[in-house]
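Computed from a predicted model, the values in this text were never measured in an experiment.
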Amino acid sequence: MEQCPLCGCTHSELFDRDKARYYRRCQTCQLVFVPPKFHLSVADEKAIYNFHQNSAADMGYRQFLSRALVPLFSRLASQAQGLDFGCGPGPTISVIAAESGIQISNYDPYYCNNLALLQRQYDFVTTTEVIEHVADALMLLKKLDNLLNPGATLVVMTKRVIDKAAFTQWHYKRDLTHICFYSIETFKCIAAEYNWALEIIDTDVVFFTKRI
């Protein structure tokens with residue numbers, strides 16, 4: 001039995017299989033995950049990220065991010081300090097935020113690996129198209145929890161698992177850097193575990209608020 005990378009449960013079921021790999025679903029938290037033997041090496045993973053062309057000059061990408069950023073910015077205090085966790089090779093959220101007078105620092109383990117940024121707390125943290133790439137989901141969530149001030153908002157943008165039939169045909173799983181797939185049920189488990197309030201913002205955007 002494969003251990004769930006989010007809750008540690010060893011009870012999982014085969015959820016899907018394709019030519020590249022197979023996928024299991026945890027029976028406790030409902031996370032769908034790719035077993036470690038199918039994970040890319042660090043070098044191969046980074047090589048794929050190097051081809052990402054996300055840019056603040058790309059209006060389509062700005063529109064994509066706006067589904068998370070517009071509702072986030074509308075609730076922030078004027079002096080709020082934030083972190084874009086997993087900003088990628090072309091940081092964009094910090095550029096958009098600066099245009100509205102909002103300060104966001106950039107962190108990424110491959111491209112902006114300033115570990116000092118992980119030693120403080122923030123009023124909000126954004127993770128857009130990040131969590132599906134991280135193998136150790138438990139470690140990630142603990143790290144994010146430590147980054148949040150009481151009352152802070154955690155923005156999570158990732159496409160969600162709907163059901164088994166949709167997953168079988170889902171383009172999102174074909175990206176070999178995507179190894180953890182979350183559903184509303186999984187997010188509810190996370191909220192309960194960390195005492196966060198959960199809000200469903202959009203089809204692939206959720207906000208967590210760290211309770212005071």
Side-chain angles (χ1 to χ4, degrees), residues 18 20 23 32 34 40 44-76 78 80-114 117 122-135 137 140 144 147 152-163 165-184 186-187 198-209:
D18 56 33
Y23 311 81
V32 177
V34 175
L40 299 178
D44 288 344
E45 186 179 12
K46 185 174 185 294
I48 293 174
Y49 299 152
N50 288 341
F51 284 103
H52 288 188
Q53 300 296 316
N54 299 334
S55 165
D58 184 335
M59 298 309 296
Y61 188 50
R62 280 177 171 253
Q63 184 64 30
F64 170 74
L65 293 175
S66 70
R67 287 179 292 145
L69 298 185
V70 169
L72 171 65
F73 291 170
S74 69
R75 65 178 64 189
L76 294 179
S78 59
Q81 302 282 313
L83 178 71
D84 184 13
F85 187 97
C87 63
T92 300
I93 291 177
S94 59
V95 175
I96 297 173
E99 295 168 356
S100 299
I102 299 170
Q103 182 179 342
I104 299 182
S105 300
N106 292 310
Y107 174 79
D108 191 283
Y110 292 120
Y111 302 102
C112 299
N113 194 18
N114 181 358
L117 294 174
Y122 300 88
D123 301 311
F124 65 97
V125 175
T126 59
T127 61
T128 58
E129 295 292 307
V130 171
I131 64 172
E132 67 275 8
H133 298 273
V134 180
L140 172 65
L144 292 172
L147 291 170
T153 298
L154 171 64
V155 176
V156 176
M157 192 173 198
T158 187
K159 295 190 181 302
R160 297 197 291 264
V161 176
I162 303 301
D163 55 37
F167 191 90
T168 299
Q169 304 298 323
W170 202 20
H171 74 281
Y172 202 63
K173 68 169 185 169
R174 297 173 192 154
D175 185 332
L176 296 182
T177 67
H178 292 176
I179 52 180
C180 287
F181 305 92
Y182 296 73
S183 63
I184 293 298
T186 309
F187 287 136
L198 170 66
E199 297 176 75
I200 311 302
I201 302 298
D202 205 332
T203 54
D204 53 4
V205 180
V206 301
F207 286 4
F208 292 104
T209 301

Examine the side chains of Ser105 and Tyr122 and answer whether a donor and an acceptor come within less than 3.5 Å of each other. no

Any sub-3.5 Å donor-acceptor pair from Asp84's side-chain atoms to Asn106's backbone N or O? no

Regarding Arg62 and Glu99, does a basic nitrogen lie under 4.0 Å from an acidic carboxylate oxygen? yes

How close do Pro91 and Gly88 get, heavy atom to heavy atom, and via which atoms? CD-O, 3.9 Å

Validation row: Lys159, His171 side chains within 4.5 angstrom (heavy atoms): yes

Go through the steps to decide whether Leu154 and Phe124 satisfy the test side chain to side chain contact (heavy atoms under 4.5 Å, CB included), and finish with yes or no. CA-CA 6 Å; Leu154 171 64; Phe124 65 97; over 6 Å; no

Run Ile200 and Phe187 through side chain to side chain contact (heavy atoms under 4.5 Å, CB included) and show every step you take. CA-CA 10 Å; Ile200 311 302; Phe187 287 136; 5.6 Å; no

What's the separation between atom CD in Gln81 and atom CG in Asp123, rounded to the nearest 0.5 Å? 6.5 Å

Spacing of CG belonging to Asp175 relative to CD belonging to Glu132, to within rounding of 0.5 Å: 8.0 Å

d(Leu40 CG, Ile48 CD1) to nearest 0.5 Å is 5.0 Å

Ile201 versus Arg67, closest heavy-atom pair with distance: CG2-O, 4.0 Å

Applying the side-chain contact (heavy atoms from CB on, under 4.5 Å) test to Glu45, which of Ile179, Thr177, Leu176, Asn50 qualifies? Thr177

Which pair of heavy atoms, one from Ile131 and one from Cys180, lies closest together, and at what distance? O-CB, 4.2 Å

Salt bridge present between Asp18 and Lys173 (N-O < 4.0 angstrom): yes

Judged by atom type as modelled, is there a donor-acceptor pair below 3.5 Å linking the side chain of Asp58 to the main-chain atoms of Tyr61? yes

Is the shortest heavy-atom distance from the side chain of Ile93 to the side chain of Leu65 under 4.5 Å? yes

Side-chain heavy atoms of Leu72 within contact of Phe207, under 4.5 Å: yes

With a 4.5 Å limit on heavy-atom distance, are the side chains of Leu117 and Leu83 in contact? yes

Please report the closest heavy-atom contact between Asp108 and Tyr110, naming both atoms and the distance. OD1-N, 2.8 Å

Heavy-atom side-chain contact between Tyr23 and Val161 under 4.5 Å: no

Between the side chains of Arg75 and Glu199, is the shortest nitrogen-to-carboxylate-oxygen separation below 4.0 Å, so that they form an ion pair? yes

Worked verdict on Val156 versus Phe208 for side chain to side chain contact (heavy atoms under 4.5 Å, CB included): CA-CA 8 Å; Val156 176; Phe208 292 104; 4.0 Å; yes

Under a 3.5 Å threshold, yes or no: a donor from one side chain and an acceptor from the other, between Thr92 and Asn54? no

Correct closest heavy-atom pair for Ala97 and Ile104 would be CB-CD1, 3.4 Å

Main-chain N/O of Leu69 paired with Ser66 side-chain donor or acceptor, under 3.5 Å: no

Smallest heavy-atom separation, Phe64 atom then Met157 atom, equals O-CE, 3.1 Å

Considering only heavy atoms from C-beta outward, does the side chain of Thr158 approach that of Val130 to under 4.5 Å? no

Just so I know, are the side chains of Leu198 and Val206 near enough to count as touching, which here means a heavy-atom distance under 4.5 Å? yes

Side chain of His178, backbone of Tyr172: donor and acceptor closer than 3.5 Å? yes

Check: Phe181 ring centroid to Phe167 ring centroid under 6.0 Å: yes

Any chance the side chains of Tyr107 and Asn113 put a donor and an acceptor closer than 3.5 Å? yes

A side-chain contact here means heavy atoms from C-beta on lying under 4.5 Å apart; do His52 and Tyr111 qualify? no

Can you label the angle between the His133 ring and the Tyr49 ring as parallel, tilted or perpendicular, going by 30° and 60°? perpendicular

Ser100 side chain vs Ile102 backbone, donor-acceptor pair below 3.5 Å: no

